[in-house]
There are 2 protein chains.
Amino acid sequence: MGDHAPEAAEVFDLGAFLPYRMAVAAERLSVGMSKRYRDEFGISIAEWRVLVNIADRGAVSVRDIEREVHLEKSKASRAASRLEAGGYVTKAVNAQDRRLVVLQLTEAGEALMAQLARIAMAYQARLDQMLAPEIAPLNRAIDRILSDL
Amino acid sequence: MGDHAPEAAEVFDLGAFLPYRMAVAAERLSVGMSKRYRDEFGISIAEWRVLVNIADRGAVSVRDIEREVHLEKSKASRAASRLEAGGYVTKAVNAQDRRLVVLQLTEAGEALMAQLARIAMAYQARLDQMLAPEIAPLNRAIDRILSDL
DNA sequence: CCTCGCTCGTTGCGACTGCAATGGTTGCGG
DNA sequence: CCGCAACCATTGCAGTCGCAACGAGCGAGG
């Protein structure tokens, strides 16, 4: 028995552990955005990613979304369904390959996207400014993490 | 090409949007770790954070965990319960303030923690090496994100 | 033509999540 | 001493998640 003592010596410094730090930082960055999206427009992060992808490419399938914006396919599928229910997206069958879905923005979807894009760009500008000194190496580091490993 | 189609002009470049980039990068970093923790030890990320916090501080409450390692209190509470069920942690009532819980590692918990810490430190070393050129500014950027905003 | 292996999107399932509400505890102000 | 606001941990709930399984569609090979 004896020492139930504190082991004060740092067993492991979570505050210096990169995966933890990145996760917390990423959540911080998302939270402002996503809260605003959710409260003001009823849009989740997954839905936002789907929206952007459709806006960029005009017509996409669930598979495309999965590949392009890192959304597991069931998540992409459900996000698309919610967007359809909200009237922002239409879902159709691809005539050339009837396994594929064709997702496209409605007018409401385009309008929404325009608003969200404005907010996002303003946010990005603020971040760029705030991180000015280290934005370049930060982006290099992220690129490396995304490509390697 | 009577295209009403592609709007090719980039509406919004998600691939350059920092919150998105950070989220994907953070997930990448976590995935290796968390998969291994899960498969080999049955431990989730939340449980891992709780474990580290207890290991570092000897005896903590749910509130402490919430503050120290960014876990919403219900999440911390449930993670602690799972760890208790797994035999890694004991839960008791703080005698000075009976609202508080006292979480402590069992011997099994300490043994587990030792293993996880070794894996984590090896992973951290690998990341440090991989990101050597930009690790310093990366850490500055993360610190700025965590403190500001 | 039919079969077989593969792809795509959806859905069932059990687990997990955040949030709000709950029950229990404390300590301060009167 | 009492009442009451603040605090702590847990839990109910409805929504979401990841994974595996599924049905439907495709196309190559015989």
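In what follows, every chain begins at residue 1, and chains take the letters A, B, ... in the order their sequences are listed. Computation of the quantities below employed the complete heavy-atom set of this structure, encompassing side-chain atoms and omitting hydrogens, waters and symmetry-equivalent molecules.
Atom NE2 of A/His70 and atom P of D/dC17 are 17 Å apart (whole Å). Here the P atom of nucleotide D/dG27 and the CD atom of A/Gln96 are 11 Å apart, to the nearest Å. If you measure from atom NZ of A/Lys75 to atom C1' of D/dC19, you get 14 Å, rounded to the nearest angstrom.
Here the CD1-CZ distance, from B/Ile135 to A/Arg144, works out to 10.5 Å after rounding to the nearest 0.5 Å.
Other residues, nucleotides and ligands contribute more than 12 heavy atoms inside 6.0 Å of the CZ atom of B/Arg82. At most 12 non-hydrogen atoms from other residues, nucleotides or ligands lie less than 6.0 angstrom from CD of B/Glu27.
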The test is ring pair (Phe, Tyr, Trp, His ring centres under 6.0 Å); show your working for B/Trp48 and A/Phe12 and say whether it passes. CA-CA 11 Å; B/Trp48 152 249; A/Phe12 181 78; 5.4 Å; yes
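Evaluated for a side chain to side chain contact (heavy atoms under 4.5 Å, CB included) with B/Leu83, the options B/Ile43, B/Thr106, B/Leu105 yield exactly one hit, B/Ile43.
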Under 4.0 Å protein heavy-atom contacts per nucleotide of nucleotides 6-15 of chain C, with B for base, S for backbone only and - for none: -BSBBBB---
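Taken residue by residue, residues 41-53 of chain B places no heavy atom nearer than 4.0 Å to DNA chain C.
A donor-acceptor pair is defined here as one N or O able to donate and one able to accept, closer than 3.5 Å; such a pair exists between the side chain of B/Asp64 and the backbone of B/Ser61. No donor-acceptor pair under 3.5 Å is formed between the side chain of B/Asn94 and the backbone N or O of B/Arg99. A/Tyr123 places no side-chain N or O within donor-acceptor distance of the main-chain N or O of B/Leu18, the cut-off being under 3.5 Å.
Checking B/Glu72 against B/Asn94, the closest nucleotide of DNA chain C that is more toward the 5' end is the one next to B/Glu72. Both A/Arg82 and A/Ala95 lie close to DNA chain D; mapped to their nearest nucleotides by heavy-atom distance, the more 5′-ward contact belongs to A/Arg82.
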